[in-house]
Amino acid sequence: MDNNSEMQVDTQKIRDLINQDKSMIKLMLKVCAHCSMCAESCFMYVHKGKDPKYIPSYKMVNSLGYLYKHKGNVNREDLESIKEIVWDHCVLCTRCYCPLGVDIPRMISLARKICRSQDVYKEYNT
């Protein structure tokens, strides 16, 4: 595979994955009040000096929310930014708690699934 084909993003595939859960995504993004009450339930937020980019709602909105808002029309650079959020800023421990019932881990998991569909994922050293 040449570099150009490696860098292309299959936006139709992304749209298809978003459309599979569109009503749930739309509801979760609409319900999120950006109250930050989920923040203290995230050990990464607490451990990283309460940096706002580790707040669970921030991670959800800036990963899957971004993909949804742009209707899957994203480029490789966008996906690389989302990769950092969903893998480096979240371990999917499922401890994040939303008093309004937003299933943040499910949303982050879906963002990971979309990234993986484009061969964008965390690489681990062995």
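Keep in mind that this is a model prediction, so the values were computed, not measured.
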Can you check whether [X] reaches [Y] side chain to side chain, under 4.5 Å on heavy atoms?
X      : Y      : result
Met107 : Met24  : yes
Ile18  : Lys71  : no
Leu64  : Ile114 : yes
Leu29  : Val102 : no

query = Any donor-acceptor pair under 3.5 Å linking the side chain of Arg15 with the backbone of Asn73?
reply =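 Not confirmed, Arg15 side chain does not pair with Asn73 backbone.
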Between [X] and [Y], what is the shortest heavy-atom contact and its length?
X      : Y      : value
Leu79  : Val120 : O-CG1, 3.6 Å
Asp88  : Met44  : O-CE, 3.4 Å
Leu100 : Ala33  : CD1-CB, 3.6 Å
Val9   : Asn75  : CG2-C, 3.7 Å
Ser63  : Val86  : CB-CG1, 3.5 Å

Hey, what do you get for [atom1] ([X]) to [atom2] ([Y]), rounding to the nearest 0.5 Å?
X      : Y      : atom1 : atom2 : answer
Ser117 : Ile14  : OG    : CD1   : 5.5 Å
Trp87  : Cys115 : CH2   : SG    : 5.0 Å
Leu92  : Ile108 : CG    : CD1   : 7.0 Å
Leu17  : Arg116 : CG    : CZ    : 10.5 Å
Cys96  : Phe43  : SG    : CZ    : 10.5 Å

Pairs touching residues 56-70 that satisfy salt bridge (Lys or Arg N to Asp or Glu O under 4.0 Å), sequence neighbours left out =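 The answer is none; no pair qualifies.
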message = For residues 95-115, which residue pairs pass the side-chain hydrogen bond (donor to acceptor under 3.5 Å, both in side chains) check, not counting sequence neighbours?
response = none
message = Filter on side-chain hydrogen bond (donor to acceptor under 3.5 Å, both in side chains), then keep only pairs touching residues 19-45, sequence neighbours left out; what's left?
response =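 Residue pairs passing side-chain hydrogen bond (donor to acceptor under 3.5 Å, both in side chains), neighbours aside: Glu40-Lys50.
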request  = Indicate, with yes or no, if Tyr121 and Val91 share a hydrophobic cluster defined by side-chain heavy-atom contacts under 4.5 Å among Ile, Leu, Val, Met, Phe, Trp and Tyr.
outcome  = no
request  = Decide whether Met60 and Tyr54 are clustered together by the hydrophobic rule: side chain heavy atoms of Ile, Leu, Val, Met, Phe, Trp, Tyr closer than 4.5 Å, transitively.
outcome  =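 No.
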query = salt bridge (charged side-chain N to carboxylate O under 4.0 Å, His left out) with Glu84: which residues, sequence neighbours excluded?
reply =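 Listed in chain order: nothing, the list is empty.
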message = Among residues at least two apart in sequence or on other chains, which ones pass salt bridge (charged side-chain N to carboxylate O under 4.0 Å, His left out) with Asp10?
response =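 By the salt bridge (charged side-chain N to carboxylate O under 4.0 Å, His left out) rule, Asp10 matches no residue at all.
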message = Considering only residues two or more places apart or on different chains, which pairs with a residue in residues 57-80 satisfy ring-ring contact (aromatic ring centres under 6.0 Å, His included)?
response =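 Qualifying pairs: Tyr66-His70.
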Contacts of Ser57 that satisfy side chain to side chain contact (heavy atoms under 4.5 Å, CB included) - sequence neighbours left out =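 Ser57 satisfies side chain to side chain contact (heavy atoms under 4.5 Å, CB included) with Cys32, Cys38, Ile55 once adjacent residues are dropped.
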request  = Apply side-chain hydrogen bond (donor to acceptor under 3.5 Å, both in side chains) to Lys13 and list each qualifying residue two or more places apart in sequence or on a separate chain.
outcome  = none
request  = Applying side-chain hydrogen bond (donor to acceptor under 3.5 Å, both in side chains), name anything that partners Asp16, two or more places apart in sequence or on another chain.
outcome  =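 side-chain hydrogen bond (donor to acceptor under 3.5 Å, both in side chains) check on Asp16 returns Gln12.
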